[in-house]
Amino acid sequence: KKLLYEYIDKISDFHNSETILLTPMNTFHIGGDDRKIMIEIKSNLKKNNIQIVSEPLSVTQLLDLFYKSQSCYGMRYHSVALQTIMNGKNSIFDYTHPINGKIINFLKDCNFFPSRKDYYTNVYDEELKLPLIDDSCNQFSIDKEYIFKSKKNYLGYISKILNINVKTDS
């Protein structure tokens with residue numbers, strides 16, 4: 001929790017003329033409503049440029065927000081996945097296992113490394129860095145083959161679950 005406060009404080013100071021929009025991935029009490037800690041962080045840091053998305057966003061609204069953002073900082077798996085795909089100018093603060101975690105494995109699958117290694121940190125790293133996004137940060141473009149492969153796999157799963165024939169080759 002201390003590291004999260006420190007990182008958001010650092011992001012807020014670095015982007016002091018910009019709005020920092022804390023966007024919850026979970027707004028349901030089961031699994032922990034992200035807004036609870038976001039309100040706590042905003043209250044304790046007392047930063048004028050930090051705002052919180054308080055109402056749940058639709059999937060379309062969330063994708064649009066990430067797509068249009070100047071930069072993205074993600075920690076939860078779905079924020080990392082969506083920001084990486086929709087924006088590509090993102091920094092990742094990974095709290096999952098550094099070898100077997102879902103975040104690191106998603107990033108390996110979509111070839112995020114080595115070109116973006118400076119924008120990734122894991123809470124278990126010996127030398128913890130808190131990377132910031134500036135103008136020198138190149139936008140990551142996700143590998144189209146990864147998207148096509150994922151689409152084919154997901155459509156295959158859906159067709160099996162629903163017992164329907166779904167075209168997966170285009």
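Count residues from 1 along the sequence.
In this structure, Y119 and I92 have side chains that are not in contact, with every pair of non-hydrogen atoms separated by 4.5 Å or more. When side chains are defined from C-beta on, N90 counts as touching F112, because their heavy atoms get closer than 4.5 Å. R76 has its side chain within reach of Y95: a pair of non-hydrogen atoms, C-beta onward, lies under 4.5 Å apart. Counting only heavy atoms from C-beta outward, the side chains of Y146 and N111 never approach each other to under 4.5 Å. Counting heavy atoms from C-beta on, the side chains of Y67 and C72 never come closer than 4.5 Å. S91 is not listed as a side-chain neighbour of R116, based on a closest heavy-atom distance of 4.5 Å or more. Within the 4.5 Å cutoff, the side chain of I147 has heavy atoms near those of the I142 side chain. By the 4.5 Å heavy-atom criterion applied to side chains, L132 and K10 are counted as neighbours.
Note that CG of L45 and CD1 of I11 are 10.5 Å apart. Values are rounded to the nearest 0.5 Å. The OH atom of Y7 lies 9.5 Å from the CG atom of L128; values are rounded to the nearest 0.5 Å. In this structure, K42 NZ and I37 CD1 are separated by 15.5 Å, a value rounded to the nearest 0.5 Å. In this structure, the separation between CD1 on I20 and CG on D9 is 11.0 Å, given to the nearest 0.5 Å. To the nearest 0.5 Å, atom CG of residue L62 and atom CD of residue Q83 are 8.5 Å apart. Of the inter-residue distances, the one linking I8 atom CD1 with M75 atom CE reads 8.5 Å to the nearest 0.5 angstrom.
No single ILVMFWY cluster, assembled from side-chain heavy atoms under 4.5 Å apart, contains both F148 and I85. V59 and I158 end up in different hydrophobic clusters when Ile, Leu, Val, Met, Phe, Trp and Tyr side chains are linked at under 4.5 Å. Put simply, L155 and I164 are part of the same group of oily side chains (I, L, V, M, F, W, Y) that touch within less than 4.5 Å, one to the next.
Under the 3.5 Å distance criterion, the side-chain polar atoms of Q139 are matched with a main-chain donor or acceptor of N87. In this structure, the side chain of D94 does not engage the main chain of I103 through any donor-acceptor pair within 3.5 Å. Side-chain atoms of K89 do not come within 3.5 Å of backbone N or O of N138 as any donor-acceptor pair. Between the side chain of T23 and the backbone N or O of L21, at least one donor-acceptor pair lies under 3.5 Å. At least one donor-acceptor pair closer than 3.5 Å links the side chain of H97 to the backbone N or O of N100. Between the side chain of S43 and the backbone N or O of I39 there is no donor-acceptor pair closer than 3.5 Å. Without hydrogens or angle criteria, D143 side chain to C110 main chain gives no donor-acceptor distance under 3.5 Å.
When only modelled atom types and interatomic distance are considered, N122 and Y120 share a side-chain donor-acceptor pair under 3.5 Å. Side-chain polar atoms of Y124 and T96 form no donor-acceptor pair below 3.5 angstrom. T27 and D33 share no side-chain donor-acceptor pair at under 3.5 Å. Side-chain contact of S12 with N49: a donor-acceptor pair under 3.5 Å is present, judged by distance alone. When only modelled atom types and interatomic distance are considered, Y5 and E40 share a side-chain donor-acceptor pair under 3.5 Å.
The minimum heavy-atom distance between F14 and I133, with the atom names listed, is CE2-O, 3.3 Å. M25 and H78 get closest at one heavy-atom pair: SD-C, 4.0 Å. Between D125 and T121, the shortest heavy-atom distance links the atoms OD2-OG1, 3.6 Å. Across all non-hydrogen atoms, the minimal contact from H15 to S71 is CE1-OG, 4.1 Å. In terms of heavy-atom proximity, P24 sits nearest to R35 at CG-CG, 3.6 Å. Shortest non-hydrogen contact noted between G32 and N26 is O-ND2, 3.0 Å.
Applying the 6.0 Å contact sphere to NZ of K129 captures more than 12 heavy atoms from other residues, nucleotides or ligands. Heavy atoms of other residues, nucleotides or ligands lying less than 6.0 angstrom from CG of N48 number 12 at most. Open room surrounds NZ on K160; 12 or fewer heavy atoms of other groups in view lie less than 6.0 Å from it.
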>> Let's go through K47 and D13 carefully: what are the C-alpha distance in whole Å and the side-chain angles of both, what is the deciding distance for salt bridge (Lys or Arg N to Asp or Glu O under 4.0 Å) to 0.1 Å, and is it a yes or a no?
In response: CA-CA 9 Å; K47 301 285 185 161; D13 288 345; 2.4 Å; yes
>> Apply side-chain contact (heavy atoms from CB on, under 4.5 Å) to residues I104 and I99 and explain how you reach the verdict.
In response: CA-CA 7 Å; I104 191 76; I99 297 170; 5.9 Å; no
>> The test is side-chain contact (heavy atoms from CB on, under 4.5 Å); show your working for L130 and E6 and say whether it passes.
In response: CA-CA 9 Å; L130 300 175; E6 183 182 330; 3.5 Å; yes
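Between Y73 and F93, the distance from one ring center to the other does not fall under 6.0 angstrom.
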